[in-house]
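Since the structure comes first, as structure tokens, the remarks are kept for the end.
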Amino acid sequence: MARLFGVLTLVAAYCVTGAKPAAALSTPSIASTQSGDTTVGLQVFDHVELSGGSNPTGILTFELFGPDNADCTGTPTFSAVASASGDGPYDSTHFTTVQAGTYRWVVSYSGDANNNPAGPTPCGAPSETVIVGKFPTGLATTATPMTAPVGASIHDTATIGGFNPTGTITFKLSGPTDTFCFGPPVFTADVSVNEGSGTYPSPSFVPTVAGTYRWQALYSGDLNNGATPISGCLTDGESVVVTAAMVTPTISTTASQAVVVGGTVTDTATLAGGNTPTGSITFNLFGPDNAACTGAPAFTSVTSVNAGNGAYPSGAFTVAAVGVYRWTASYGGDAGNNPV
């Protein structure tokens, strides 16, 4: 009996000391690369190459921190998982950015029965840092109306396109003689962008002086949308020609004194009440003895109006026959004055 017990003891000892140790676990490597820099409103994702594993299964966890979370602390902005099924490439699901700034991916592998965990990858690795830029804002403007008389309202309209833009549109108006918008504007106004992309009118301006007025506009930008530079002074569709208000001047005439045959006669017309009148006055002389001033005149003379309101003489006519001669005079008008 003692001998049998000893044999059993030796067999038991052999079974324990002769056990085969478990296989060593593999430690995979993670190499990750972000999808590329972009602008706000577009998508980003992360790409991982898992290598060196022993038929790895388990889970890859992707975490995106930002914007501007340099330590990758706290709750990630976005997270996603992918199931591993061997060494190879894996992508996270896509994330649509809603704010500009710097984002950072961090990736870790869970491990399994044959593989140790791996990661997390370091926060701020260059290959895992995503720059999300501001949206390239568009701004188009149109003046309304394109022509107007003095005293009428004019305004500008800006159409903005962006990523839910906020901020301010600034309108500037130069004129009436500032051709290149070098001087101080005659009117400025700020309009809040409070309904996102769309159309925003400026307040109205009432010019009191005739001339050409030119609108300009710029957008301030915000956290997610880039600012725009001020539009050009001579941008198409941004000039407004303001004409003088139409007035009706008066005209009065005085003929020269009576003469004998062979003498000369003239007429003088006086304009009054005009708005700095230009243009011309036409004198017609009828006679002799054409009391109704009908038919072809005996003489016609045209005088330029070059000094505003005032007296303007006709040309001289040499009388060749006796009788009564009669002058008429008419003013042709211009952009600010009605004919008389």
Side-chain angles (χ1 to χ4, degrees), residues 34-46 64 66-69 77-78 93-105 129-148 152-176 178-207 211-242:
Q34 56 99 352
S35 54
D37 296 343
T38 187
T39 57
V40 66
L42 300 182
Q43 294 184 334
V44 297
F45 65 93
D46 203 29
L64 180 63
D68 307 319
N69 183 347
T77 301
F78 171 74
T93 52
H94 291 205
F95 171 70
T96 302
T97 60
V98 295
Q99 186 174 338
T102 301
Y103 292 76
R104 298 166 175 89
W105 287 101
T129 300
V130 186
I131 305 299
V132 176
K134 293 185 176 184
F135 196 92
T137 310
L139 189 70
T141 52
T142 303
T144 305
M146 302 299 291
T147 60
S153 295
I154 63 175
H155 72 276
D156 201 26
T157 300
T159 301
I160 187 171
F163 183 77
N164 300 321
T166 58
T168 301
I169 298 173
T170 298
F171 295 92
K172 296 184 178 182
L173 179 63
S174 298
D178 188 359
T179 303
F180 299 105
C181 308
F182 288 152
V186 297
F187 174 72
T188 62
D190 291 332
V191 173
S192 295
V193 178
N194 50 22
E195 296 184 3
S197 298
T199 299
Y200 296 85
S202 75
S204 294
F205 173 76
V206 179
T212 300
Y213 292 77
R214 295 175 171 87
W215 287 100
Q216 295 175 276
L218 60 88
Y219 169 60
S220 65
D222 60 17
L223 288 175
N224 294 318
N225 295 271
T228 65
I230 191 166
S231 56
C233 179
L234 303 179
T235 300
D236 289 344
E238 285 287 80
S239 295
V240 181
V241 176
V242 175

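These values consider heavy atoms only, across backbone and side chains, with no hydrogens, waters or symmetry-generated copies. Everything numeric in this text was worked out from a predicted model, so none of it was measured.
Between Arg214 and Leu234 there is a side-chain heavy-atom pair separated by less than 4.5 Å. Considering only heavy atoms from C-beta on, Ser197 comes within 4.5 Å of Pro165 through its side chain. For the pair Leu173/Pro185, no side-chain contact is recorded, criterion being any heavy-atom separation below 4.5 Å from C-beta on. Tyr103 places none of its side-chain heavy atoms less than 4.5 Å from the side chain of Thr129. When side chains are defined from C-beta on, Val193 counts as touching Ile169, because their heavy atoms get closer than 4.5 Å. Residues Pro203 and Val191 meet the side-chain proximity criterion, which asks for heavy atoms closer than 4.5 Å. Inter-residue side-chain proximity for Thr93 and Phe45 is flagged as unmet; no heavy-atom pair is nearer than 4.5 Å. The side-chain heavy atoms of Thr199 and Thr157, taken from C-beta on, include a pair separated by under 4.5 Å.
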Pair Thr38, Val44 - check side chain to side chain contact (heavy atoms under 4.5 Å, CB included), show working. CA-CA 8 Å; Thr38 187; Val44 297; 3.7 Å; yes
Side chain to side chain contact (heavy atoms under 4.5 Å, CB included) between Phe171 and Asp190: does it pass, once the steps are laid out? CA-CA 6 Å; Phe171 295 92; Asp190 291 332; over 6 Å; no
Go through the steps to decide whether Phe205 and Val186 satisfy the test side chain to side chain contact (heavy atoms under 4.5 Å, CB included), and finish with yes or no. CA-CA 9 Å; Phe205 173 76; Val186 297; 4.2 Å; yes
Report the C-alpha distance between Asp37 and Val130 in whole Å, list the side-chain angles of each, state the deciding distance to 0.1 Å, and finish with yes or no for side chain to side chain contact (heavy atoms under 4.5 Å, CB included). CA-CA 5 Å; Asp37 296 343; Val130 186; 4.3 Å; yes
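Under the 3.5 Å distance criterion, the side-chain polar atoms of Thr228 are left unmatched by any main-chain donor or acceptor of Leu139. No donor-acceptor distance shorter than 3.5 angstrom exists from the side chain of Gln34 to the backbone of Asp46, with no hydrogens or angles considered. In terms of modelled atom types and a separation under 3.5 Å, the side chain of Asn225 and the main chain of Phe163 share a donor-acceptor contact. Thr97 contributes a side-chain N or O that, together with a main-chain N or O of Leu42, makes up a donor-acceptor pair within less than 3.5 Å. Here the side chain of Thr77 pairs a donor or acceptor atom with the backbone of Gly66 at under 3.5 angstrom.
Using bins of under 30°, 30° to 60° and over 60° for the plane-to-plane angle, the ring pair Phe187/Trp215 lands in the perpendicular bin.
Counted by atom type alone, Gln216 and Ser231 present zero donor-acceptor pairs between their side chains at under 3.5 Å.
Test Thr166, Thr168, Thr137 against Asp222 for side-chain hydrogen bond (donor to acceptor under 3.5 Å, both in side chains) and you get one pass: Thr166.
More than 12 heavy atoms of other residues, nucleotides or ligands lie within 6.0 Å of NZ in Lys134, so this atom counts as buried by the packing criterion.
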